[in-house]
Amino acid sequence: MFLKHPVWTAGLFGVLVGFMPIKATAQPQTGLKAELADAGLDVGLTVTNFLQGVVSGDGDRDWESGGKVDATLRVDAAAFGLWEGLTVSVHQEWVYGDDVNAKGDGSLLPVNVVMGFPRLGGSDSETSVVINQSVGDRLSISFGKFNMLDAAARTPIAGGGGLTTFSHVGLAAPISGVTPPYLLGVMATLRTAPVTATAMIYDPRNAQDNEVLREPFADGVTVSLSATFPVSIGGNGGFQGIRAVYSTQQGLNLNDIPQLALPPEAEAVIGERSPYWYLAYSFQQTLFRQAQDPARGWGIFGQVAISDGNPNTIESSILAGIGGDSPITQRPLDRWGVGYFRYNLSSALLDGLAALGKPDLRREQGVEAFYNMALLPNLRLTASLSYVSPGEAAREDAVFAGWRLQAAF
């Protein structure tokens with residue numbers, strides 16, 4: 001039955017040819033795409049299809065097939081005789097088919113972040129637009145509607161935004177509780193020697209809601225400050241970073257959760273609590289370089305974060321892993337990774353739910369491993385395996401397996 005499915009067919013083909021030598025390297029743009037780039041229009045299109053299912057644990061065991069189409073356009077205003085350093089970037093995305101994020105296994109976090117967003121926001125399509133102005137080589141200022149998966153995808157070792165590396169949101173796009181998947185705001189980045197500093201001011205609500213565009217900052221404002229420092233070990237590059245976030249948005253006082261069981265006339269006792277705050281330390285360090293291409297390599301990464309725990313429902317988190325470009329000499333374009341994540345829920349939230357007699361919740365943690373094979377420079381097949389100890393305490397630990405086939409144009 002599975003052999004009739006195109007993704008399974010591609011998967012079996014990939015297993016057969018995946019470890020054959022491939023000497024392909026990144027190819028320069030040619031044809032129409034190159035002509036458009038010369039004219040100031042950088043266009044891109046990727047189609048990613050998933051086949052994923054629960055192979056152990058609770059929940060529905062049916063395998064789900066679905067995918068995502070990402071179309072990108074970057075316009076260089078200088079090529080049209082306008083301002084030097086001004087660019088406009090547009091990202092249009094569509095998801096289709098079914099996904100594995102609601103299988104009844106007890107997981108609280110999306111196992112497949114690519115299919116989770118924008119779908120969890122109530123839409124199968126979304127558009128983000130960012131306008132960026134560079135001032136010299138050091139300062140850039142951007143504003144618009146940001147897709148935060150795009151930001152996660154640019155992280156050197158673990159990056160990919162769920163499309164080319166890890167699939168679980170806990171590793172592919174770590175959750176803070178104070179940064180929505182789509183945000184409306186402004187960002188400034190200053191590159192100095194040696195620190196790169198970034199400041200963001202944004203609406204704390206998910207910008208998928210049109211109300212955010214109509215009445216920005218109606219519910220408060222969030223400020224994020226971060227700094228990254230380059231670190232070199234044995235001549236291999238890396239960085240360490242810190243991030244601090246503060247939000248004035250009003251949130252439910254989690255200590256008042258037991259009051260939700262009272263009659264409607266008791267609603268007045270339920271209070272709001274602010275502010276939100278969040279602190280994180282992260283690092284990435286390349287340990288080994290490919291002999292044939294020193295620009296490629298693999299290493300370690302990690303992040304430790306804490307929050308106020310009330311109203312933020314995630315009190316702390318930790319993730320760590322190893323991965324990057326393939327160490328196999330004959331497979332220079334492949335990628336791989338193994339990572340661990342743990343998200344600790346707010347103790348105030350857990351106590352409140354327990355007082356209501358709701359199902360027990362706990363921290364959610366897991367491990368994911370993947371291997372991304374370059375069948376061709378623009379055609380990739382990924383095999384992944386995830387082990388999740390779900391947030392619903394009564395559920396058994398779950399194992400997810402799947403394929404991901406991606407074509408880039």
query: Do Ile306 and Trp277 come within less than 4.5 Å of each other through their side chains, counting heavy atoms only?
result: yes

- line: Applied to residues 168-200, the ring-ring contact (aromatic ring centres under 6.0 Å, His included) test, sequence neighbours excluded, yields His168-Phe341

query: When rounded to the nearest 0.5 angstrom, what is the spacing between CZ in Phe400 and OH in Tyr387?
result: 12.0 Å

- prompt: Is the closest side-chain heavy-atom distance between Pro181 and Met148 below 4.5 Å?
  reply: no

message: For the residue pair Ser326 / Tyr371, report whether a side-chain donor-acceptor contact shorter than 3.5 Å exists.
response: yes

query: Tell me, do Arg191 and Ser140 make a side-chain contact under 4.5 Å, heavy atoms counted?
result: yes

- prompt: Judged by atom type as modelled, is there a donor-acceptor pair below 3.5 Å linking the side chain of Asn49 to the main-chain atoms of Leu405?
  reply: no

Neighbour count >12 (heavy atoms, 6.0 Å) for atom CZ, Arg138: no

- prompt: Which pairs, with at least one residue in residues 105-124 and sequence neighbours excluded, count as a side chain to side chain donor-acceptor pair (under 3.5 Å)?
  reply: Gln52-Asn112, Asp99-Arg119, Asp105-Ser107, Arg119-Asp124

message: If I take atom CG from residue Leu139 and atom OG from residue Ser134, how far apart are they, to the nearest 0.5 angstrom?
response: 8.0 Å

query: According to the ring-ring contact (aromatic ring centres under 6.0 Å, His included) rule, which pairs have a member within residues 110-160, sequence neighbours left out?
result: none

- line: Rounding to 0.5 Å, atoms OG1 (Thr286) and CZ (Arg296) come to a distance of 12.5 Å

- prompt: Any luck finding a side-chain donor-acceptor pair between Thr222 and Tyr276 under 3.5 Å?
  reply: no

- prompt: Within a strict 4.5 Å, meaning less than it, do heavy atoms of the Asp60 and Val54 side chains meet?
  reply: no

- request: Please answer whether the main-chain N or O of Phe409 pairs with a side-chain N or O of Lys33 as donor and acceptor at a distance below 3.5 Å.
  value: yes

- prompt: Considering residues at least two apart in sequence or located in another chain, which fulfil the side-chain hydrogen bond (donor to acceptor under 3.5 Å, both in side chains) criterion with Ser347?
  reply: Glu315

query: Are the side chain of Ser307 and the backbone of Ile314 linked by a donor-acceptor contact shorter than 3.5 Å?
result: yes

- line: What one should report as the nearest heavy-atom pair of Ala173 and Val113 is CB-CG2, 4.4 Å

message: I'd like to know if the side chain of Asn101 reaches the main chain of Val111, judged simply by a donor and an acceptor atom lying under 3.5 Å from each other, with no hydrogens or angles considered.
response: yes

Identify each donor-acceptor pair in which a side-chain atom of residues 224-235 lies under 3.5 Å from a protein atom, sequence neighbours left out, and give them as a table.
{"residue": "Ser224", "atom": "OG", "partner": "Arg243", "partner atom": "NE", "Å": "2.9"}
{"residue": "Ser224", "atom": "OG", "partner": "Arg243", "partner atom": "NH2", "Å": "3.4"}

task: Starting from the C-alpha separation in whole Å, work towards a yes-or-no answer on side-chain contact (heavy atoms from CB on, under 4.5 Å) for Leu345 and Leu108.
output: CA-CA 10 Å; Leu345 299 180; Leu108 304 178; 3.8 Å; yes

query: Can you tell me how far CD of Gln92 sits from OG1 of Thr72, rounded to the nearest 0.5 angstrom?
result: 11.0 Å

message: Just so I know, are the side chains of Asn206 and Val212 near enough to count as touching, which here means a heavy-atom distance under 4.5 Å?
response: no

- request: Heavy atoms only: give me the nearest Leu287-Asn236 pair and the separation to one decimal.
  value: O-ND2, 2.9 Å

- line: The side-chain hydrogen bond (donor to acceptor under 3.5 Å, both in side chains) partners of Arg205 (sequence neighbours excluded) come to Asp203

Test log, rule side-chain contact (heavy atoms from CB on, under 4.5 Å), inputs Asp42 and Asp76: CA-CA 8 Å; Asp42 187 1; Asp76 183 352; over 6 Å; no

- prompt: How long is the gap from CD on Gln406 to CG on Leu381, to the nearest 0.5 Å?
  reply: 11.0 Å

- request: Quick one: list whatever passes side-chain contact (heavy atoms from CB on, under 4.5 Å) with Ala383, sequence neighbours left out.
  value: Trp403

message: Is there a side-chain contact between Asp70 and Leu163 in this structure, where contact means two heavy atoms from C-beta onward sitting under 4.5 Å apart?
response: yes

field: Glu126: salt bridge (Lys or Arg N to Asp or Glu O under 4.0 Å) partners, not counting sequence neighbours
entry: Lys145

query: With no hydrogens and no angle check, is any side-chain donor or acceptor of Gln290 less than 3.5 Å from a backbone partner on Leu333?
result: no

query: Can you name the closest pair of heavy atoms from Val55 and Arg61 and give their distance?
result: O-NH1, 3.6 Å

Check: Asp334 and Ile328 side chains under 4.5 Å, non-hydrogen atoms: no

- prompt: Hey, does the side chain of Ser346 reach the backbone of Gly309 with a donor-acceptor pair shorter than 3.5 angstrom?
  reply: yes

- line: Tightest non-hydrogen contact, residues Ser128 and Asp150, listed as OG-OD2, 4.4 Å

task: Output, in order, the C-alpha distance, side-chain angles, deciding distance and verdict of side-chain contact (heavy atoms from CB on, under 4.5 Å) for Ile318 and Gln365.
output: CA-CA 9 Å; Ile318 182 173; Gln365 62 182 341; over 6 Å; no

field: side-chain contact (heavy atoms from CB on, under 4.5 Å) evaluation trace for Asn344 with Arg342
entry: CA-CA 6 Å; Asn344 298 312; Arg342 174 171 175 151; 2.9 Å; yes

query: By salt bridge (Lys or Arg N to Asp or Glu O under 4.0 Å), which residues pair with Asp209, not counting sequence neighbours?
result: none

- line: Between the CG atom in Leu73 and the CG atom in Leu45, the distance rounded to the nearest 0.5 Å is 12.0 Å

query: Does anything in residues 292-339 pair up under ring-ring contact (aromatic ring centres under 6.0 Å, His included), and if so which pairs, sequence neighbours excluded?
result: Phe166-Phe301, Phe288-Trp298, Trp298-Trp336

task: May I ask you to test the Arg404-Asn372 pair for a side-chain heavy-atom distance under 4.5 Å?
output: yes

message: Main chain of Pro174, side chain of Gln303: is a donor-acceptor contact present, judged purely on distance under 3.5 Å?
response: no

field: Non-hydrogen atoms of Pro311 and Pro275 that approach each other most closely
entry: CD-O, 3.9 Å

- line: Note: Gly162 and Ala172 closest approach over all heavy atoms is N-CB, 3.7 Å

message: Looking at Lys68 and Phe50, would you say the former's side chain and the latter's main chain have a donor-acceptor pair under 3.5 Å?
response: no

- request: Hey, could you give me each pair passing side chain to side chain donor-acceptor pair (under 3.5 Å) that has a residue in residues 151-164? Not counting sequence neighbours.
  value: none

- line: salt bridge (charged side-chain N to carboxylate O under 4.0 Å, His left out) pairs touching residues 361-370, sequence neighbours excluded, are Arg362-Asp397

